[in-house]
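Just below is one structure, and these are the notes that go with it.
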Amino acid sequence: MPEGPEIRRAADKLEDAVLGKPLTGAWFAFPELKAFETELVGQKVARIETRGKALLTHFSSGLTLYSHNQLYGVWRVVNAGEMPQTTRILRVKLQTADKAILLYSASDIEMLDANQLSNHPFLLRVGPDVLDMTLTPQQVKDRLLSLRFRKRQFSGLLLDQAFLAGLGNYLRVEILWAVGLLAHHKAQDLTPEQLEKLSYALLDIPRFSYNTRGTVDENKHHGAIFSFKVFHRAGEKCERCGGVIEKTMLSSRPFYWCPGCQH
């Protein structure tokens with residue numbers, strides 16, 4: 001599954017196509033959204049926010065389109081008037097004079113006013129997003145040590161979007177390797193130095209993945225252009241200690257780690 005960095009890069013592409021441009025057309029597949037088709041014409045996309053795997057398309061009128069791709073949803077950017085040949089089912093089309101953004105296959109789509117946005121069940125449930133550049137390591141440390149999260153094993157905590165939105169399996173693996181911790185460790189048992197390192201890694205590694213622009217291998221993990229240190233490297237040598245990277249299953253996900261330097 002794509003994680004926070006991949007979702008944010010997708011949002012960046014959408015913003016590059018339509019941000020600040022008056023909409024010349026809008027189309028929704030769901031009957032309950034049809035009334036907004038004429039209302040959105042002339043409005044502009046003010047920004048596109050990510051909260052984990054949810055996208056919030058904020059319009060200049062104050063309305064926000066909430067969409068969650070779940071397993072099959074995908075956004076596409078096309079030239080205005082073009083419709084790609086695909087077997088996917090179109091759900092949303094937002095068009096400007098030169099570009100259009102299309103949402104296919106997703107089913108979790110809503111139009112929200114400011115009050116509905118602030119009280120949306122999913123958005124109330126998820127934690128702060130690791131790609132939110134206003135989020136600080138100190139705030140992350142405070143969450144780690146909170147009564148809610150301090151006793152949770154990292155194997156589950158780093159997949160829980162209620163802790164930090166945008167994390168996922170490859171980031172869980174890389175973060176724990178970077179700080180030399182194991183999946184069964186808990187925040188309450190760490191030293192101050194370990195807590196400090198983990199608090200920074202929980203932001204630095206997702207942001208590094210987001211910012212990295214290298215050679216994309218389309219056959220590997222959603223083309224995440226990020227140099228894996230341990231993920232998908234079972235049987236290879238650890239570049240830090242020379243030990244052999246191992247693979248196991250944790251929380252129904254493949255987990256990679258180095259016994260030589262994660263203890």
Side-chain angles (χ1 to χ4, degrees), residues 1-61 63-112 116-117 120-123 125-126 129 131 161 165-170 209-210 216-225:
M1 293 293 293
E3 300 175 17
E6 291 74 52
I7 301 297
R8 185 60 253 176
R9 283 200 291 268
D12 289 346
K13 291 179 181 178
L14 300 180
E15 284 192 335
D16 287 344
V18 300
L19 190 69
K21 302 175 183 178
L23 294 177
T24 59
W27 180 89
F28 299 98
F30 299 132
E32 62 270 24
L33 298 176
K34 286 292 186 182
F36 296 102
E37 291 179 349
T38 55
E39 185 175 345
L40 289 179
V41 173
Q43 292 188 33
K44 300 176 182 179
V45 173
R47 65 189 178 103
I48 299 179
E49 179 185 359
T50 57
R51 292 287 301 276
K53 296 180 182 179
L55 258 65
L56 303 175
T57 303
H58 299 286
F59 299 102
S60 53
S61 65
L63 290 172
T64 296
L65 179 67
Y66 167 91
S67 62
H68 195 297
N69 284 5
Q70 298 173 310
L71 290 177
Y72 303 110
V74 62
W75 283 95
R76 292 284 184 261
V77 176
V78 298
N79 291 325
E82 291 184 358
M83 289 300 294
Q85 293 294 319
T86 178
T87 58
R88 290 181 174 272
I89 300 173
L90 184 63
R91 303 297 196 190
V92 176
K93 178 180 180 181
L94 301 174
Q95 183 165 298
T96 67
D98 62 336
K99 296 289 182 180
I101 57 175
L102 313 174
L103 176 58
Y104 289 96
S105 303
S107 57
D108 195 359
I109 304 168
E110 301 174 63
M111 191 70 74
L112 309 173
Q116 292 168 323
L117 181 64
H120 191 277
F122 175 83
L123 300 176
R125 188 166 66 249
V126 297
D129 195 287
L131 273 300
Q161 299 299 290
L167 294 181
N169 192 40
Y170 86 79
S209 179
Y210 165 69
V216 179
D217 185 344
E218 297 294 350
N219 297 314
K220 289 187 177 180
H221 198 67
H222 298 273
I225 45 182

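Sequential numbering from 1 along the given sequence is applied to the chain's residues.
In this structure, the separation between CG on Leu167 and CG on Asp129 is 8.5 Å, given to the nearest 0.5 Å. In this structure, the separation between CZ on Phe30 and CE on Met111 is 12.5 Å, given to the nearest 0.5 Å. Note that CG of Leu94 is 5.5 Å distant from CH2 of Trp75, once rounded to the nearest 0.5 Å. Considering CZ of Phe28 and CG of Leu40, their distance stands at 5.0 Å, rounded to 0.5 Å. To the nearest 0.5 Å, atoms CG (Leu123) and NE2 (His68) are separated by 9.5 Å. Separation of atoms CG (Leu65) and OG1 (Thr57) is listed at 5.0 Å; rounding is to 0.5 Å.
For Pro5 against Gly166, the heavy-atom pair with the smallest separation is CD-O, 4.1 Å. Here the closest non-hydrogen pair linking Ile48 and Glu15 is N-OE2, 2.8 Å. Across all non-hydrogen atoms, the minimal contact from Leu103 to Asn69 is CD1-OD1, 3.8 Å. Counting all heavy atoms, side chain and backbone alike, Lys93 lies closest to Ala100 at CE-CB, 4.4 Å. Of all the heavy atoms in Ala46 and Leu19, the pair that sits closest is O-CD1, 3.1 Å. Closest heavy-atom contact between Ala11 and Thr50: CB-CG2, 3.8 Å.
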Exercise for review: Please test Lys13 against Ile101 for side chain to side chain contact (heavy atoms under 4.5 Å, CB included), starting from the C-alpha separation and ending with a verdict.
Suggested key: CA-CA 9 Å; Lys13 291 179 181 178; Ile101 57 175; over 6 Å; no
Point to revise | Step-by-step side chain to side chain contact (heavy atoms under 4.5 Å, CB included) determination, Tyr66 to Gln116 | key: CA-CA 10 Å; Tyr66 167 91; Gln116 292 168 323; over 6 Å; no
Practice item. Evaluate the side chain to side chain contact (heavy atoms under 4.5 Å, CB included) criterion for residues Trp27 and Val92: first the C-alpha distance (whole Å), next the side-chain angles of each, then the deciding distance (0.1 Å), finally the verdict. Key: CA-CA 6 Å; Trp27 180 89; Val92 176; over 6 Å; no
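Leu14 places a side-chain heavy atom less than 4.5 Å from the side chain of Leu55. Here the side chains of Asp108 and Phe122 are not in contact, with every heavy-atom distance at 4.5 Å or above.
A donor-acceptor pair is defined here as one N or O able to donate and one able to accept, closer than 3.5 Å; no such pair exists between the side chain of Gln161 and the backbone of Gly52. Formation of a donor-acceptor pair under 3.5 Å by the Thr24 side chain with backbone atoms of Gln95 is found in this model.
Sorted by first and then second residue, the pairs that involve residues 33-50 and meet salt bridge (Lys or Arg N to Asp or Glu O under 4.0 Å), not counting sequence neighbours, are Lys34-Glu37, Arg47-Glu49. Sorted by first then second residue, the side chain to side chain donor-acceptor pair (under 3.5 Å) pairs that include residues 96-106, not counting sequence neighbours, are Lys21-Asp98, Asn79-Lys99, Arg88-Ser105, Thr96-Asp98. Pairs passing the salt bridge (Lys or Arg N to Asp or Glu O under 4.0 Å) check and including a residue from residues 71-81, sequence neighbours excluded, do not occur.
A salt bridge does not link Glu6 with Lys53: every distance from a Lys NZ or Arg NE/NH1/NH2 to an Asp or Glu carboxylate oxygen is 4.0 Å or more.
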